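None of these values were measured; they are calculated from a predicted model.
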Amino acid sequence: MNWIPTVAQAWGLLALAIALEVVGTTCMKLADGFARSVPTVVMFVCYALAFSCNTLVVRTLDLSVTYAVWSGVGTLLTAAVGILWFREPATAMKMVSIGLIVIGGIGLHGASRAAAAGSSS
């Protein structure tokens, strides 16, 4: 495929990849160790689609930014699903750790933008 997404399209695809990854990870829990076939199939389909989206995203966005945002936001949303849906404890250590992941993603994005601005002058 020769299509290269615009920056806006890449961010949209990244958002879709994140949503697919969160659904896939939630289905991993629901699959009960591959004992339940529907969540198992949904899990594999969602992961395949998420990685496919990311393959297109990295044609436009830096790999470090793509992966940091994907994993950071995915972790945040998956933790929220765990806490809200599966009633997992929301400990202070969990919240601080998730915050650090998000800060790291923001830092990588900022570093990438600064490098891009420096190379265009």
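- Cluster annotation: Val65 and Tyr67 are assigned to the same hydrophobic cluster (Ile/Leu/Val/Met/Phe/Trp/Tyr, side-chain heavy-atom contacts under 4.5 Å, transitive).
- Residue Val45 is not grouped with residue Leu30 when hydrophobic side chains (ILVMFWY) are merged at heavy-atom distances under 4.5 angstrom, including chains of intermediate members.
- Taking all atoms of both residues into account, the shortest heavy-atom contact from Cys53 to Ala17 is CB-CB, 3.8 Å.
- Both Leu61 and Val73 sit in one connected hydrophobic cluster of ILVMFWY residues. Membership requires side-chain heavy atoms under 4.5 Å apart, directly or through other members.
- Note: Phe34 CZ to Met28 CE = 8.0 Å, rounded to the nearest 0.5 Å.
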Please tabulate, one pair per line, all N/O donor-acceptor pairs under 3.5 Å involving side-chain atoms of residues 89-104, not counting sequence neighbours.
{"unit_1": "Thr91", "atom_1": "OG1", "unit_2": "Lys94", "atom_2": "N", "d": "3.1"}
{"unit_1": "Lys94", "atom_1": "NZ", "unit_2": "Pro89", "atom_2": "O", "d": "2.9"}
{"unit_1": "Ser97", "atom_1": "OG", "unit_2": "Met93", "atom_2": "O", "d": "2.8"}

Please report, to 0.1 Å, the donor-acceptor pairs under 3.5 Å made by any side chain of residues 74-84, with sequence neighbours excluded.
{"unit_1": "Thr75", "atom_1": "OG1", "unit_2": "Ser71", "atom_2": "O", "d": "2.6"}
{"unit_1": "Thr78", "atom_1": "OG1", "unit_2": "Gly74", "atom_2": "O", "d": "2.7"}

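- Side chains of Ile18 and Val69 form a contact here, defined as non-hydrogen atoms less than 4.5 Å apart.
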If you look only at distance, which donor and acceptor atoms sit under 3.5 Å apart when one is on a side chain in residues 3-11 and the other is two or more places apart or in another chain?
{"unit_1": "Thr6", "atom_1": "OG1", "unit_2": "Gln9", "atom_2": "N", "d": "3.1"}
{"unit_1": "Thr6", "atom_1": "OG1", "unit_2": "Gln9", "atom_2": "OE1", "d": "3.4"}
{"unit_1": "Gln9", "atom_1": "OE1", "unit_2": "Thr6", "atom_2": "N", "d": "2.8"}

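- Within a 6.0 Å sphere centred on CZ of Phe86, other residues, nucleotides and ligands contribute more than 12 heavy atoms.
- When all heavy atoms are compared, the tightest approach of Val57 to Leu14 is CG2-N, 3.6 Å.
- Using the six-membered ring where Trp is involved, Phe51 and Trp70 have ring planes that are perpendicular, over 60° apart on the 30 and 60° scheme.
- One distance of note links CE of Met43 with OG1 of Thr26; it measures 12.0 Å at 0.5 Å rounding.
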